[in-house]
S.K.: 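Before I ask anything, here is the structure I am working with.
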Amino acid sequence: MSNRFITSFKSRKWRWLYIALAAILVLAIAVGTYAYQKRDAMLMGAINKAKAKLLEKYDMELKIQYYAFQGINAVQFKNIQLLPKNRDQLAQINDLTVSVKLWPLLFGDVKLGQVLLDNGKVSLVKKDSISNYDFLFKKQKKDTIENDNPKQNLAALADRLLKNVFFKIPNDLDLKNLEFSYRDDSTSQRIAIPSAVIDGGDMETKFLLNDHEAAWNLTGTIDSDNQECDLRLFSDKKEVNLPLLQRKFGLAVSFDEISFRLDKAHRRNKELLELHGQWGFKNLKVNHWRISSKDVIFPEAIMQGALNIGASSIEVSKESTVQVKDFVFSPYIKYVHKPEKELFLAIHTDRIEAQHFFDAMPVGLFPGLDGIQVEGHIQYDLNFALEIKKPEKLLFSSKMDDRDLKVVKWGEADIAMLNTPFTYTAYEDGKPMREIVVGPQNPNFTPIDQISRYMQISLINTEDPFFFKHKGFEEKAFKLSIATNIKEKGFKRGASTISMQLVKNVFLNRNKTVVRKLEEILLVWLMERSQQVSKKRMYEVYLNVIEWGNNVYGITEAARYYFGKTPAQLGLGESIFLSSIVPRPKKGLNFFDWTGHLKGNMLRYFNTYGHIMTKTGQISVDSTTSNYGFYEVVLQPHLRAARPAVVDSVDVLDMGDDPLLFDRLESSSPTDNLEHVSVPKKLKQMDLTEKKEEEASEQEKPKRSLFDKILGRKKEEKENDTHK
């Protein structure tokens, strides 16, 4: 009984299912029949709507000589024209047939099935400041409904964009004679596509530049349904440039092959889109004066991993890797757009053979390192985090494990040369001024032991307090430099140590580029790590080559130029002054008044650095009686400015503050050994009481009259003369 009941129930269930399916089929046929009968009217309405939208939004006229359905789902167009108002024709297509897939269309998705195109032309024309494509850059009214939707996010936007791209790629394409051209008052460029074919996802396309100046082939596979592709763009000829970039921007670019593969686009949830794939190139050559004076050749590189797009962030995942020859590293990049703009960067390498790193460097990018040979291993980690609105909270950490690294042979920049006499070329505004022999053959060369100790310790304190302790870099200085430059929205503060300044002056060109700075960092790292040049010798060379004024190079010329002395005769005040102008050597004379004495606003600078040297035992306490030699600095008469018609006591130059002065420094005991000189992190002895006492004593000091300043004497000297 029960079995019969179950059988009866099943039969009724299937019967109703069949009835429902039949009803749906009948309804679909009815709708399809109705749509088929009305399709011409629907097509006309769609085209008229497109024409009206183009005219209203872009002031552009769309003309179609003929259009009609071909079969069930294909539409043929003949003689299509896009005409911007009062502009040159933008595009023309002689014959175009497009079909769409019916099944996705039922769900509102328009996917192209087949595209046949014969003879088309797209022309971008710019005359003076008027172009026929400027509508592309016009700001459109924001869609308030879309933009105010709190659920809108980058992941959703990227997902829609990706689908739109793949949906517009047909499964089958047969394209013949399509041309893209660009023309302005000075440049013209034309790319012709004689044929492009996609057959079941297999692609093969050829691009011809101008009159066959170059020919590129695009081959590979595209699966628009699964949003996957594997494409390769390569040239028929080797080292073919892109003329438009060269003519417009002076950038010469050529390559043998560029590849791109998208393995998977996975919408994990509403707020995360994952893109997995790979890209690479072979024999990429770049030439631009801002990058290098020579061709820069990137032989081969492959990057693979994942790009994660979140609701308000974009991230290159930590699992991603970049391989250049045998050198492999893992980059991590993340940008957060809201609620606050943040940037994260990390680079990691496993412990690798050091030579692999140098072999991977693009030829010509770092000329000073060309040909270098090393032994040993390296392992590197960089971590960087920045909140754009709060750059002072910057996180920066750079760690290199190079304990067994050894330089076997130097490249173009022979660091070992510093140990012997050599010829240094001094530059002015990027142009060579004169050659200077750094060695005993030059009468202006002064060994470090014959330079005033005041000069040595003053320059160390002002330029690089930890020169004899660090390995070429000051991490705190780097952090402060980055934070300051971001806050000021420009390059306002550097982070150069004496080692970096020495390498820059002796071995590198004067082009202010990121590439040159990277080369400087690499050379300093190798110089300090190799220990082939002692710190004392580095400092000696530095003192003998740096600029101290207009065509004044080295400490011997500086001492003679400003004070008519030898380096050994320089006093404390003269040494502090010379140290103060190293960052701005051309302005050295501006700090003196017409009497040859320093302007009053330099006194704060002297007291600051003099106090540091006193507290650390580098100079005696007696030096404070004359404000660390401030009043003893007297410029040579022939360099002094003419006496002004009206003497103004207001000083116009300010040395400014050094925010790194106290924060970056570490405490050390008093010493006479220059190689152990450092400045305290905080001058603990200088407490609030001492500061008040110093300020009070400063106020009690009688001010010198103009007559006293001219004679260069102090108040107590005047009183002694009076008593006598």
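Keep in mind that this is a model prediction, so the values were computed, not measured. Positions are given from 1 along the sequence.
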S.K.: Does Gln189 reach the side chain of Phe180, with side-chain heavy atoms less than 4.5 Å apart?
M.R.: no

S.K.: Would you indicate whether Lys51, at its atom NZ, is surrounded by more than 12 heavy atoms from other residues, nucleotides or ligands within a distance under 6.0 Å?
M.R.: yes

S.K.: May I ask you to decide whether Lys206 forms a salt bridge with Asp236, counting only side-chain N to carboxylate O separations under 4.0 Å?
M.R.: yes

S.K.: Kindly write out the residues that satisfy ring pair (Phe, Tyr, Trp, His ring centres under 6.0 Å) with Phe384, not counting sequence neighbours, or none if the list is empty.
M.R.: none

S.K.: Hey, does the side chain of Ser99 reach the backbone of Gln114 with a donor-acceptor pair shorter than 3.5 angstrom?
M.R.: yes

S.K.: In this structure, is the centre-to-centre distance between the rings of Phe327 and Phe357 below 6.0 Å?
M.R.: yes

S.K.: Taking all non-hydrogen atoms of both residues, which atom of Tyr380 and which atom of Met400 are closest, and how far apart?
M.R.: CD1-CE, 3.7 Å

S.K.: I want to check something: taking the side chain as every heavy atom from C-beta on, are Leu272 and Arg267 in contact at a cut-off of under 4.5 Å?
M.R.: no

S.K.: Quick one: do Asn177 and Asn119 satisfy side chain to side chain donor-acceptor pair (under 3.5 Å)? Show the steps, please.
M.R.: CA-CA 5 Å; Asn177 300 325; Asn119 293 319; 3.2 Å; yes

S.K.: Take atom CD of Gln81 as the centre, draw a 6.0 Å sphere, and report whether it contains more than 12 heavy atoms from other residues, nucleotides or ligands.
M.R.: yes

S.K.: Between Glu179 and Arg190, is the closest basic N to carboxylate O distance under 4.0 Å?
M.R.: yes

S.K.: side-chain contact (heavy atoms from CB on, under 4.5 Å) between Val75 and Phe77: does it pass, once the steps are laid out?
M.R.: CA-CA 7 Å; Val75 180; Phe77 302 88; 3.5 Å; yes

S.K.: Would you say Asp202's side chain and Gly220's backbone share a donor-acceptor pair under 3.5 angstrom?
M.R.: no

S.K.: Side-chain contact test, heavy atoms from C-beta onward, threshold under 4.5 Å: evaluate it for Tyr67 versus Phe69 and give yes or no.
M.R.: no

S.K.: For Arg261, is the CZ atom crowded, meaning more than 12 foreign heavy atoms sit under 6.0 Å from it?
M.R.: yes

S.K.: Is there side-chain contact between Leu262 and Lys264, with heavy atoms separated by less than 4.5 Å?
M.R.: no

S.K.: Give the minimum heavy-atom separation between Leu90 and Asn132, together with the two atoms involved.
M.R.: CA-ND2, 3.7 Å

S.K.: Charged N to carboxylate O under 4.0 angstrom, Asp401 versus Lys399?
M.R.: no

S.K.: Under 3.5 Å, side-chain donor or acceptor atoms of residues 301-312 against the rest of the protein: list the pairs with distances, not counting sequence neighbours.
M.R.:
unit_1: Asn308; atom_1: ND2; unit_2: Glu315; atom_2: OE1; d: 3.0
unit_1: Ser312; atom_1: OG; unit_2: Lys338; atom_2: O; d: 3.1

S.K.: Taking all heavy atoms of Asn171 and all of Ser224, pick out the closest pair and write down the distance.
M.R.: OD1-OG, 3.3 Å

S.K.: Below 4.0 angstrom, N of the basic side chain to O of the carboxylate: do Asp402 and Arg351 qualify?
M.R.: no

S.K.: How long is the gap from CG on Leu233 to CG on Asn217, to the nearest 0.5 Å?
M.R.: 8.0 Å

S.K.: For the pair Lys78 and Asp95, find out whether any cationic side-chain nitrogen is under 4.0 Å from an anionic carboxylate oxygen.
M.R.: yes

S.K.: Got Asn210 and Ile191 here, is their nearest side-chain heavy-atom distance under 4.5 Å?
M.R.: no

S.K.: Classify the angle between the aromatic ring planes of Phe358 and Trp525 as parallel (below 30°), tilted (30 to 60°) or perpendicular (above 60°).
M.R.: parallel

S.K.: Write down the atom of Thr349, the atom of Phe329, and the distance for their closest heavy-atom approach.
M.R.: CG2-CB, 3.6 Å

S.K.: List the steps and the verdict of side-chain contact (heavy atoms from CB on, under 4.5 Å) for Glu340 and Val336.
M.R.: CA-CA 7 Å; Glu340 299 294 340; Val336 178; over 6 Å; no

S.K.: Go through Leu162 and Val165 one step at a time and tell me if the side-chain contact (heavy atoms from CB on, under 4.5 Å) criterion holds.
M.R.: CA-CA 5 Å; Leu162 193 67; Val165 170; 5.5 Å; no

S.K.: Of all heavy-atom pairs between Val316 and Tyr332, which one has the smallest distance, and what is that distance?
M.R.: O-CD1, 3.1 Å

S.K.: Using distance only, find each side-chain donor-acceptor pair of residues 387-397 under 3.5 Å and give its atom names and separation, not counting sequence neighbours.
M.R.:
none

S.K.: Would you mind checking if Lys517 and Glu520 are paired as a salt bridge, meaning a charged N to carboxylate O distance below 4.0 Å?
M.R.: yes

